[in-house]
> 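Structure in structure tokens, see below.
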Amino acid sequence: MAHVRNFSFAAQLRADASSHVIRYRKGRVRQSGRGLVFWFRPETASIAELPMDDREMALFVKGRSQDFQAVAIQGTLTWRVADPELLAARIDFTIDLRNGSWTAEPIQRIETRLAGLVNQAVLQYLAHAPVQALLDAGPEPLRGALQGALAHDPALGEIGLEVVAIRLTNLAPSAELERALQTPTFEALQQKADQATFERRALAVEKERAIAENELANRTELARREQQLIAEEAANARTRATGLAEAQQVEAAAEAERIRTVEGAKAEAEQAHIAVYRDLPPAVLLGLAARDLAGKLDTIEHLNVTPDLLASLVGEFRREAPALPAR
């Protein structure tokens, strides 16, 4: 916005470098340029100020596709002044000489005209394709169509405007249609998710089955080895028992042989001893018995000698005694 300083009979205007100022006097251009500073007489001057920087405006257009579905377009449009004097002649950019503000709303009028051109181009583009094709193509074809349509539109060149850029951020159907269009994709994704879940569960079941089979195989192998171990232990026990029995048989045979040898020796000794005593007279035998008895008297507490026994012994001695010669 231009800065105006008013004095009693004159005024001074100072414009920014991004503004183009045109001073008219008696209907003719007296000064025109950017960033001007000059003095003027308020009662005889008319001044217009035009912005020379790029301006952006929001775009929001609703239209219908070829199959009568609502589609909304959002984005931004950048424009600038190409010919300031031509634009000042078509749109009122006059400023108030007291404070430097616009007396009208020229920017709003420009944006209204641009919005009308954009709406017309968008509606024509949407009407030539079904909604599915529009959504599949995305906003880029529409942006190119708008750029070309506005660049070659004589209505902009005739007033000294130029479209710098168009950016579209969204091309979307209505909420109901969007949900309807999303349903097949959502269902397909859900089916893929269910399939992935099923495959994951099937894989888990397969792994569990493999683990169970492995455990069963291990248990079977352990049982086989245990059975083999038991059989080997039984064979070893039988071998040990057989060896022990054979050893005991050998030992028993040896012991029996020893006993037979000892008992045979004892029997032979006893037979020899009996044979020695067999040829002795009874009196000698009785003497030997008496000697043995006398040697054991200290251990005998009682001895009963009957008259019959004593008579029998005396009789034996008499028979065995030799006859004495007669005198």
> Who passes salt bridge (charged side-chain N to carboxylate O under 4.0 Å, His left out) against Arg260, sequence neighbours left out?
Glu257

> Suppose the criterion is ring-ring contact (aromatic ring centres under 6.0 Å, His included): which pairs have a residue in residues 53-108, not counting sequence neighbours?
Phe93-Trp102

> Is the closest basic N to carboxylate O distance between Arg209 and Glu213 below 4.0 Å?
yes

> Quick one: list whatever passes salt bridge (charged side-chain N to carboxylate O under 4.0 Å, His left out) with Arg258, sequence neighbours left out.
Glu255

> Any side-chain hydrogen bond (donor to acceptor under 3.5 Å, both in side chains) pairs touching residues 118-132, not counting sequence neighbours?
Gln132-Asp136

> By salt bridge (charged side-chain N to carboxylate O under 4.0 Å, His left out), which residues pair with Arg80, not counting sequence neighbours?
Glu162

> Please collect all side-chain hydrogen bond (donor to acceptor under 3.5 Å, both in side chains) contacts where either partner lies in residues 16-29, sequence neighbours excluded, each pair once.
Ser19-Glu49, His20-Ser32, Arg23-Gln31

> Which heavy atom in Gln147 sits nearest to a heavy atom in Val163, and how many Å separate them?
NE2-O, 4.2 Å

> Going by side-chain hydrogen bond (donor to acceptor under 3.5 Å, both in side chains), name the residues that satisfy it together with Glu215, two or more places apart in sequence or in a different chain.
none

> For Arg167, check side-chain hydrogen bond (donor to acceptor under 3.5 Å, both in side chains) against everything at least two apart and list the hits.
Glu56, Thr76

> Holding to side-chain hydrogen bond (donor to acceptor under 3.5 Å, both in side chains), I want the full list of residues that pass it with Asp67, two or more places apart in sequence or in another chain.
Ser65

> Under 3.5 Å, which donor-acceptor pairs do the side chains of residues 149-160 form with other protein atoms, sequence neighbours left out?
{"residue": "His152", "atom": "ND1", "partner": "Gly148", "partner atom": "O", "Å": "2.8"}
{"residue": "Asp153", "atom": "OD1", "partner": "Ala155", "partner atom": "N", "Å": "2.9"}

> Return the set of residues passing ring-ring contact (aromatic ring centres under 6.0 Å, His included) with Phe7 (not counting sequence neighbours), or none when no residue passes.
Trp39

> Once salt bridge (charged side-chain N to carboxylate O under 4.0 Å, His left out) is applied, do any residues pair with Arg225, and if so which ones, sequence neighbours excluded?
Glu221

